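Taking it in order: structure first as structure tokens, then the write-up.
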Amino acid sequence: MNTFEIHEIHYGWFQVCFTPHAENQGWLTNSDYLGCEAPTNFLVALADILEEKSTEEWLCWQDEPGASILRLVLEDGKIAVEIFTAEKDSLDLPYNGAELALEEKTLDYKNTFEIKHLLDDILVEFSLYEKGNGLRLYEKHWGQFPKAEYHRLRECAAEINNTLDKYSKMFCFEY
């Protein structure tokens, strides 16, 4: 079962889903209206956790005018994912940081994942947008692909489960 899926990148909207084929799904949508680079911030937060720079990360996903707050927590070799509806509109929230904990209204989704399974799905999903038509779609509808952050996360994954070759072989055809 997939644990993560990039659902849509379309005209300034970026949408992802955790456990997309399960009964309990965790949706996050971000608009580029306020310049919040949620996909890049997400990759950086995961890498920071895996490099043991932090054990908990809070990220805002700005869904005009509302917002969702994503909390990632390292727990016993697993990553807990929590998605909250924000109390305030996205205009009044920082892009990331622990102060977002004060802005949560309701818990909409919670799940805990084995690190290697979650990383596999995240890296494979982002790999589809690294080159070729996927890259063109990403950059036309969202912005610059977070190449440095993606490769940093790949390096973290390689240290965990020696699967870097798997991600190196993922590509999109170029026409």
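None of the values given here were measured: they were computed from a predicted structure.
The shortest side-chain heavy-atom distance between Arg136 and Tyr129 does not fall under the 4.5 Å cut-off. Using a 4.5 Å heavy-atom threshold, the side chains of Ser31 and Asp63 count as separate. The shortest side-chain heavy-atom distance between Thr112 and Asp76 does not fall under the 4.5 Å cut-off. Residues Ile83 and Phe18 form a side-chain contact, since some pair of their non-hydrogen atoms from C-beta on lies under 4.5 Å apart. Between Glu51 and Cys156 there is a side-chain heavy-atom pair separated by less than 4.5 Å. Counting heavy atoms from C-beta outward, Trp61 and Phe42 have side chains that approach closer than 4.5 Å. Taking 4.5 Å as the limit, some side-chain heavy atom of Leu107 sits within range of a side-chain heavy atom of Glu82. In this structure, Leu153 and Leu50 have side chains that are in contact, with non-hydrogen atoms separated by less than 4.5 Å.
For the atom pair Ile115 CD1 and Ile160 CD1, the distance stands at 5.0 Å (nearest 0.5 Å). In this structure, CH2 in Trp58 is found 10.0 Å from CG in Leu72, a value given to the nearest 0.5 Å. In this structure, CG on Asn111 lies 12.0 Å from CD1 on Ile79, to the nearest 0.5 angstrom. Going from atom CD of Glu5 over to atom CD1 of Ile122 covers 12.5 Å, rounded to the nearest 0.5 Å. To the nearest 0.5 Å, atoms CG (Asn41) and CG (Leu70) are separated by 10.5 Å. Here the OG1-CD distance, from Thr106 to Glu87, works out to 9.0 Å after rounding to the nearest 0.5 Å.
At least one donor-acceptor pair under 3.5 Å links the side chain of His141 to the backbone N or O of Tyr11. Using a distance-only test at 3.5 Å, with no hydrogens or angles considered, a donor-acceptor pair links the side chain of Glu125 to the main chain of Ile6.
Thr29 and Gln15 share a donor-acceptor pair across their side chains, judged by distance under 3.5 Å alone. If you check the side chains of Ser90 and Tyr33, you find no donor sitting under 3.5 Å from an acceptor. Side chains of Ser127 and Glu130: no donor on one and acceptor on the other come within 3.5 Å. A side-chain donor-acceptor contact under 3.5 Å links Trp142 and Glu37. Side chains of Asp121 and Thr3: a donor-acceptor N/O pair is present below 3.5 angstrom, by distance only.
Under the 4.5 Å side-chain heavy-atom criterion for ILVMFWY residues, no single connected hydrophobic cluster contains both Leu100 and Tyr95. Residues Leu46 and Tyr109 fall within the same hydrophobic cluster, defined by Ile, Leu, Val, Met, Phe, Trp and Tyr side chains chained together at heavy-atom separations under 4.5 Å. With hydrophobic clusters built from ILVMFWY side chains whose heavy atoms lie under 4.5 angstrom apart, Val73 does not share a cluster with Val81. With hydrophobic clusters built from ILVMFWY side chains whose heavy atoms lie under 4.5 angstrom apart, Leu128 shares a cluster with Leu28. Following chains of ILVMFWY side-chain contacts shorter than 4.5 Å, one cannot reach Val16 starting from Ile69, and the two form parts of different hydrophobic clusters.
Using a 30° and 60° split on the angle between ring planes, Phe145 and Tyr138 fall in the perpendicular class, above 60°.
A salt bridge between Arg71 and Glu104 is absent, with no side-chain N of the basic residue lying under 4.0 Å from a carboxylate O of the acidic one.
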Problem set entry | Worked verdict on Glu114 versus Lys116 for salt bridge (Lys or Arg N to Asp or Glu O under 4.0 Å) | CA-CA 6 Å; Glu114 294 287 334; Lys116 63 183 178 181; over 6 Å; no
Can you check side chain to side chain contact (heavy atoms under 4.5 Å, CB included) on Val44 and Arg152, steps first, answer last? CA-CA 8 Å; Val44 168; Arg152 178 179 167 213; 3.9 Å; yes
- request: Step by step, work out the side chain to side chain contact (heavy atoms under 4.5 Å, CB included) result for Thr55 and Ile49.
  value: CA-CA 5 Å; Thr55 58; Ile49 287 173; over 6 Å; no
- Message: What verdict does the side chain to side chain donor-acceptor pair (under 3.5 Å) test give for Thr40 and Tyr150, after you've listed the backbone C-alpha separation in whole Å, the side-chain angles of each residue and the deciding distance to 0.1 Å?
- Response: CA-CA 8 Å; Thr40 301; Tyr150 169 72; over 6 Å; no
Could you walk me through whether Phe4 and Leu118 pass side chain to side chain contact (heavy atoms under 4.5 Å, CB included), step by step? CA-CA 7 Å; Phe4 177 85; Leu118 182 61; 4.2 Å; yes
- request: List the steps, then state whether side chain to side chain contact (heavy atoms under 4.5 Å, CB included) holds for Phe126 with Leu43.
  value: CA-CA 10 Å; Phe126 274 89; Leu43 297 176; 3.9 Å; yes
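When all heavy atoms of Cys60 and Pro94 are compared, the closest pair comes out as CB-O, 3.2 Å. Taking each heavy atom of Thr19 and Gly26 in turn, the nearest pair found is OG1-N, 4.4 Å. Closest approach of Cys36 and Gln62 over heavy atoms only: CB-OE1, 3.2 Å. The shortest heavy-atom contact between Leu123 and Arg154 is CD2-CG, 3.7 Å.
Considering only residues two or more places apart in sequence or on other chains, Pro65 meets the side-chain contact (heavy atoms from CB on, under 4.5 Å) condition with Asp89. Looking at residues two or more places apart in sequence or on another chain, you find no salt bridge (Lys or Arg N to Asp or Glu O under 4.0 Å) involving Glu8.
Around atom CD of Glu52, no more than 12 heavy atoms belonging to other residues, nucleotides or ligands sit under 6.0 Å away.
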